[in-house]
Amino acid sequence: MANHQKIIIAIDGFAATGKSSIAKRLSNSLNYIHIDSGSMYRAATLFALRLDSKNNLNPKKIIQSLSEIKIEFKTIEDGQLIFLNNENVSSEIRKPHVTNQVSKLAKIPELRSYLVKLQKEFGRDKGIIMDGRDIGTIVFPEAECKFFLVGNVEVRAKRRYFEQRNKDNKETYEKVLKSLINRDKLDTDRISSPLVKAEDAVKIDVSDLTIDDVYNRMWSHIKKKLNKI
Ligand code: CDP
C-alpha cells in the first residue's frame, strides 16, 4: 500500500472465528506487526499450570508470580513463535490441557492488567494488528479500525476440529464443541473485560463466509479508513 499513516487494527470475537489467520494475512499485506493476544493468555496458563505439580490453577499463587512471566514473540518465515521465559511454547499452548483451562485463568483481573500493559507496549508505535477478546474495548479503545467476529458455534467447532486433526491434538468433534461452548460462556460472562463488541466495531458473521470473504471485507474497510487519514 502507498505510504499511509500507520494505524491500529483491533480484531475481537469468539473462539475459532479465524481471527488469527486473518490478522496474520492482513499484517503481511500492510507490513504491520501481528500480536495474537490469546497466545499470551495461553502462555500464562501454561506457566500457571506448571506452578502446581498436580496441574491445578491456584489464582493466589499466580498473582504472586506474575512478574516471573516473560513473554516474547519471534517472527519466522511462515508465522510467529511465542516464548515463555525463553522456551518456545508455540505448540504446547494449543494443546487441550491449556485450551481447557485458559478462560478460567483469563478471568483473573490482576493477570489481565499485567498482560494488557504488555499489549499496550507492543502498540506504542502503531502499525499493529492485535486479535483477542478485549482489544477494541480495553487494550486499544482508540484503534482506528475495529472488527468483531461472530459465528455459529457448530461451524466454528468443525473448523477447529479439522484444524487440530492435522496436528497431534486428537480430540473428538464433540469434545471440541463442548470446549468452545464452555469458553464462549466464560469469556462472555466474566466481570473483568468480558467479550463484548466495541460500539464502533464492524461486526462480521463468519458462519457462511470463507476466510477469503472475511479477509476481503476487512481489507476494503481498512482501505477506506486509510484513505481518510
Ligand atoms: O484461538 P482461539 O479463538 O481458540 O482462542 P485464543 O484467541 O487463543 O484465546 C484463548 C482464550 O484466552 C480465550 O478463550 C479467552 O479466555 C482468553 N483471551 C482473553 O481473555 N482476552 C484476550 N484478549 C485474548 C484471549
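Numbering of ligands and ligand atoms starts at 1, following listing order.
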Which option wins on minimum heavy-atom distance to atom 9 (O) of ligand 1: Gly38, Gly13, Ser20? Gly38

Backbone or side-chain N or O of Ser103 under 3.5 Å from ligand 1 N or O: yes

Looking at atom 24 (C) of ligand 1, what's its closest protein heavy atom, distance included? Ser37 OG, 3.4 Å

Distance-only donor-acceptor check, side chains Asp213 and Thr210, under 3.5 Å: yes

By number and element, which atoms of ligand 1 are closer than 4.0 Å to a non-hydrogen atom of Ala15? 3 (O), 4 (O)

Number the atoms of ligand 1 from 1 as they appear, then name those within less than 4.0 Å of a heavy atom of Gly132, with their elements. 23 (N), 24 (C)

Among all protein heavy atoms, pick the one closest to atom 16 (O) of ligand 1 and tell me residue, atom and distance. Asp187 OD1, 2.6 Å

Would you say Ala16 and ligand 1 have an N/O pair spaced under 3.5 Å apart? yes

For Asp212, look at atom CG and say whether over 12 heavy atoms of other residues, nucleotides or ligands are found less than 6.0 Å away. yes

Does Tyr41, backbone or side chain, put an N or O under 3.5 Å from an N or O of ligand 1? no

Looking at ligand 1, would Arg94 count as a contact under a 4.0 Å heavy-atom criterion? yes

The answer for which part of Arg183 has a heavy atom under 4.0 Å from ligand 1 is side chain

Show every ring-ring contact (aromatic ring centres under 6.0 Å, His included) that has at least one partner inside residues 121-140, sequence neighbours left out. Phe73-Phe122

Starting from Phe83 and following side-chain heavy-atom contacts under 4.5 Å between hydrophobic residues (I, L, V, M, F, W, Y), which residues can be reached? Ile76, Leu81

Around atom CG of Asn31, are there more than 12 heavy atoms of other residues, nucleotides or ligands at under 6.0 Å? no

State whether a side-chain donor-acceptor pair under 3.5 Å links His34 with Asp131. yes

Mark up the atoms of ligand 1 that fall under 4.0 Å of a heavy atom belonging to Ala106, in ascending order. 16 (O), 17 (C), 20 (O)

For atom 8 (O) of ligand 1, grab the closest protein heavy atom and report residue, atom and distance to one decimal in Å. Arg42 NE, 2.7 Å

For a side-chain contact (heavy atoms from CB on, under 4.5 Å) with Leu149, tell me which candidate from Thr17, Asp205, Asp12 qualifies. Thr17

Do the charged groups of Arg124 and Glu121 touch, with an N to O distance under 4.0 Å? no

Nearest non-hydrogen protein atom, atom 20 (O) of ligand 1: Arg112 NH1, 2.8 Å

For ligand 1, which atoms, with element, lie under 4.0 Å from some heavy atom of Arg160? 1 (O), 2 (P), 3 (O), 4 (O)

Can Thr99 and Arg42 be said to form a side-chain hydrogen bond (donor to acceptor under 3.5 Å, both in side chains), step by step? CA-CA 7 Å; Thr99 303; Arg42 287 171 179 272; 2.9 Å; yes

Got the closest protein heavy atom to atom 23 (N) of ligand 1, with its distance? Asp134 OD1, 2.8 Å

Taking atom CZ as the centre, does Arg217 end up with more than 12 heavy-atom neighbours from other residues, nucleotides or ligands that are less than 6.0 angstrom away? no

Quick one: does Arg190 get a heavy atom under 4.0 Å from ligand 1? yes

Answer with yes or no whether Met40 contacts ligand 1, where contact means a heavy atom under 4.0 Å from a ligand atom. no

Exactly one of Lys126, Gln5, Lys6 should register a side chain to side chain donor-acceptor pair (under 3.5 Å) with Glu144. Which one does? Lys126

From atom 5 (O) of ligand 1, work out which of Lys19, Gln119, Glu163, Arg133 has a heavy atom at the shortest distance. Arg133

